[in-house]
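Sequential numbering from 1 along the given sequence is applied to the chain's residues. In listed order, ligands and their atoms are each counted from 1. Any value given below was found using the heavy atoms of this structure, including those in side chains, with hydrogens, waters and symmetry copies removed.
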Amino acid sequence: MAEREEARRKRAGALLSEHKLDALLVTNLHNVRYLSGFTGSNAQILLLRDGSARLLTDPRYDAQSRQETNCPIEIVKGPLFKAAAKAIGRVKVRRVGFEAASTPWATWKALDNALPARADLRASDGLVEGLRQIKDATEIELIRSSCALNSQALEKALMCFRPSMLETELAAEIDYASRRAGASGPAFDTIVASGAHAALPHAQPRAKAIQKGILLIDMGAFRSGYASDMTRTVHSGPAGVRFRRMYRAVLEAQLAAVDAVRDGATTKSVDRAARRVLHAYDLDEHFTHSTGHGLGLEIHERPRIGKTDKTRLAAGMAITIEPGIYLEGWGGIRIEDTVVVTRNGCEILTPTSKELREF
Ligand code: ZN
Ligand code: ZN
């Protein structure tokens with residue numbers, strides 16, 4: 001395992017010259033984990049071009065850091081950025097990248113003041129995140145197992161379903177089943193939305209009884225650090241003609257987008273495949289978000305699968321495909337799978353059926 005992280009540090013280090021940097025101060029904790037295996041909540045890594053690195057963390061993580069990483073460790077009392085500035089001084093580098101998206105302005109300012117005169121800070125964006133987009137075989141297995149657990153938790157929770165149950169109760173059953181199955185926690189706040197409430201794409205469960213009709217569930221788990229993400233829209237009681245037509249439209253859009261996923265395809269072409277189907281049903285104006293997103297150590301990662309995104313998909317990327325339609329006053333339907341891009345297409349990692357389910 002440790003060799004894997006060492007290889008990642010080498011790969012990230014090799015990218016520094018391309019980005020005109022001599023060193024990178026990694027402050028995004030997901031990137032820290034990716035490059036070192038360390039899972040603590042306070043750490044930074046100073047990475048050099050040759051892949052050599054130093055992990056800075058505080059005394060609470062003395063034992064844990066030694067257990068989790070083979071990266072050289074410095075245990076720091078006080079603010080990490082001060083120790084980072086000293087470490088930068090010791091290695092005598094000039095152009096030091098900092099992760100602009102995860103460095104608060106106050107930290108940047110303090111770091112800048114503490115730096116030796118010869119070094120200067122350069123904003124860096126997405127260097128490690130770019131590497132994280134492509135998952136290795138071990139990571140894909142972890143995402144697969146997270147998806148299996150997530151689907152299992154849905155079945156367990158639906159077995160507890162009874163008419164007039166609260167949305168919050170069903171969400172709690174989902175979270176409970178997920179933890180019982182070995183999740184370290186939910187990947188995001190579980191969405192359970194019934195009836196017209198399902199018209200809000202990011203609805204929060206309410207302390208309100210689930211009525212007969214639409215029931216949209218969006219759930220994800222973290223297992224061994226890796227996320228899963230799935231949405232299913234089921235129907236409590238028999239579904240009417242309108243719901244069936246809408247459901248078929250979203251399912252066809254989801255299948256068309258899944259079908260468009262392959263190594264080399266642009267993300268916007270996948271998005272377009274879903275939109276084209278909804279357009280044929282005259283429903284495309286109700287599809288108000290992007291088709292999907294990457295996932296891995298975080299629930300939302302690169303790439304984005306949207307209208308204007310030009311990223312080319314590559315084998316090993318793990319992404320979601322989740323078209324939906326939302327009609328205020330009526331409700332919404334979304335169907336979401338987690339898939340992994342392969343050379344000739346993709347493999348769906350979410351085992352739950354997408355057939356219309358009435359109960
Ligand atoms: Zn989701
Ligand atoms: Zn999602």
(message) Tell me if the NZ atom of Lys86 is crowded by more than 12 foreign heavy atoms within 6.0 Å.
(response)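 No, the 6.0 Å shell around NZ holds no more than 12 heavy atoms from other groups.
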
(message) For Ile325 and Tyr281: C-alpha separation, side-chain torsions, deciding distance, then whether side chain to side chain contact (heavy atoms under 4.5 Å, CB included) applies.
(response) CA-CA 11 Å; Ile325 52 169; Tyr281 280 89; over 6 Å; no

(request) Please check if any side-chain donor atom of Ser52 sits under 3.5 Å from a side-chain acceptor atom of Asp50, or the reverse. (result)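 The answer is yes; a qualifying pair exists.
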
(message) Could you check whether Arg275 makes a cation-pi contact with Phe287, meaning its NZ or CZ is under 6.0 Å from the centre of the six-membered ring and within 45° of the ring axis?
(response)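 That pair qualifies as a cation-pi contact.
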
(request) Less than 2.8 Å from the Zn ion (ligand 1) is the window; count the protein N, O or S atoms in it. (result) 4

(request) Check whether any N, O or S atom of His300 sits under 2.8 Å from the Zn ion (ligand 2). (result) no

(message) Tell me which pairs pass side-chain hydrogen bond (donor to acceptor under 3.5 Å, both in side chains) where either residue lies in residues 152-169, with sequence neighbours left out.
(response) Glu155-Arg357, Arg162-Glu169, Glu167-Ser194, Glu167-Arg206

(request) Look at the aromatic rings of His300 and His293 and report parallel, tilted or perpendicular, splitting at 30° and 60°. (result) perpendicular

